[in-house]
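As structure tokens, the structure follows; a few thoughts come after it.
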Amino acid sequence: MKIFLDTASLKDIREAAKLGVVDGITTNPSLLAKESGDPEEILVEICKTIDGPISAEVVATDAEGMVKEGRHLASLHPNIVVKTPCIPEGLKAAKILSGEGTRINMTLIFSATQALLSAKAGARYVSPFVGRLDDISTPGMELVADIIQIFDHYDFDCEVLAASLRHPMHVLEAARMGADIGTMPVAVFNALLKHPLTDSGLKKFLEDWEKAKAQMAAKAGR
Ligand code: G3P
């Protein structure tokens, strides 16, 4: 499963990128609004930091406006993927932009039928929002499973990007199901690696090694 970070924080992205396992970035207007600086400059810097798909979302709500904005965003850097919302105007825009060769990430997907239509419109990625469904007492991971099952029957060139992942179990379940991509906040990404037994085990190994070295030094000095 490819790992994307769901953030526009360059500081966090640069830090996480050092681990060498971050495959892409997803941003949205809310995430960019948290950062200071020009959003387009931030997007370009992100593209220079991570050589993978970098999602940038349009804010127009009509197809014509989305296409105009999408073309502009796509021109910022070859890594840019244009995010369009899963509404009728978004579908129209996705069809036009994908026809021009721009990769589309259809966002705000809350049903499998939305994902099916997005793939038919040429979206390269569909983003089911797991956590937001969980928030309303609807099992978000079931949506991811449904989309994977549907896409398995057909030959869409469209990846399932599990989004709105809020904790490591979401990531684990998405990987078990075979989601192509999971996007997550940096805190969730960091939690994937952290284990107290790894930390305590390493501490013990190093302590034992130091003790053994001290004993060898003492023997040699006798
Ligand atoms: O990728 C979509 C994501 O930003 C939504 O996450 O936690 O705001 O539901 P969340």
Side-chain angles (χ1 to χ4, degrees), residues 1-13 15-17 21-35 39 42-43 46-47 49-50 52-61 66 69-70 73 79-87 90-91 93-94 102-112 114-115 118-119 123-148 151 158-175 177 179-192:
M1 186 171 77
K2 281 171 264 186
I3 300 283
F4 285 12
L5 296 181
D6 195 32
T7 180
S9 162
L10 269 168
K11 182 174 164 285
D12 287 348
I13 292 168
E15 196 54 39
V21 293
V22 176
D23 301 297
I25 302 291
T26 49
T27 70
N28 61 37
S30 306
L31 292 170
L32 276 163
K34 283 190 206 165
E35 305 302 316
I42 293 172
L43 285 168
I46 295 174
C47 289
T49 308
I50 300 285
I54 310 299
S55 286
E57 190 163 339
V58 298
V59 289
T61 53
M66 287 186 208
E69 237 185 287
L73 287 169
N79 287 356
I80 292 284
V81 169
V82 174
K83 243 181 173 184
T84 50
C86 196
I87 57 176
L91 221 60
T102 296
R103 287 173 299 171
I104 297 293
N105 175 0
M106 193 65 85
T107 191
L108 289 166
I109 292 212
F110 294 97
S111 78
Q114 286 181 316
S118 301
R124 183 71 183 76
Y125 308 92
V126 287
S127 290
F129 274 32
V130 175
R132 292 194 192 184
L133 281 170
D134 288 355
D135 287 343
I136 56 161
S137 306
T138 304
M141 290 311 309
E142 286 183 12
L143 171 59
V144 177
D146 281 350
I147 298 171
I148 291 171
F151 284 14
C158 183
E159 295 185 56
V160 180
L161 194 169
S164 183
L165 301 180
R166 303 271 179 78
H167 47 72
M169 286 308 290
H170 274 156
V171 181
L172 179 60
E173 285 174 51
M177 286 175 184
D180 299 292
I181 305 159
T183 190
M184 65 207 76
V186 169
V188 174
F189 172 72
N190 289 336
L192 298 183

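In each ligand, atom 1 is the first atom listed, and ligand 1 is the first ligand listed.
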Side-chain atoms of residues 136-143: list all donor-acceptor pairs with protein atoms under 3.5 Å, sequence neighbours left out, distances to 0.1 Å.
{"residue": "Thr138", "atom": "OG1", "partner": "Ile136", "partner atom": "O", "Å": "3.3"}

Which residues share a side-chain contact (heavy atoms from CB on, under 4.5 Å) with Thr61, sequence neighbours left out: none
side-chain contact (heavy atoms from CB on, under 4.5 Å) partners of Pro39, counting only residues at least two apart: Leu32
Protein residues having a heavy atom less than 4.0 Å from any atom of ligand 1: Asp6, Asn28, Phe129, Arg132, Ala163, Ser164, Arg166, Thr183
Sole residue of Ile109, Ile147, Val126, Asn105 in side-chain contact (heavy atoms from CB on, under 4.5 Å) with Leu161: Asn105
Polar side chain donor-acceptor pair, Thr26 to Ser55, under 3.5 angstrom: no
Worked check of salt bridge (Lys or Arg N to Asp or Glu O under 4.0 Å) between Arg166 and Asp135: CA-CA 11 Å; Arg166 303 271 179 78; Asp135 287 343; 3.0 Å; yes
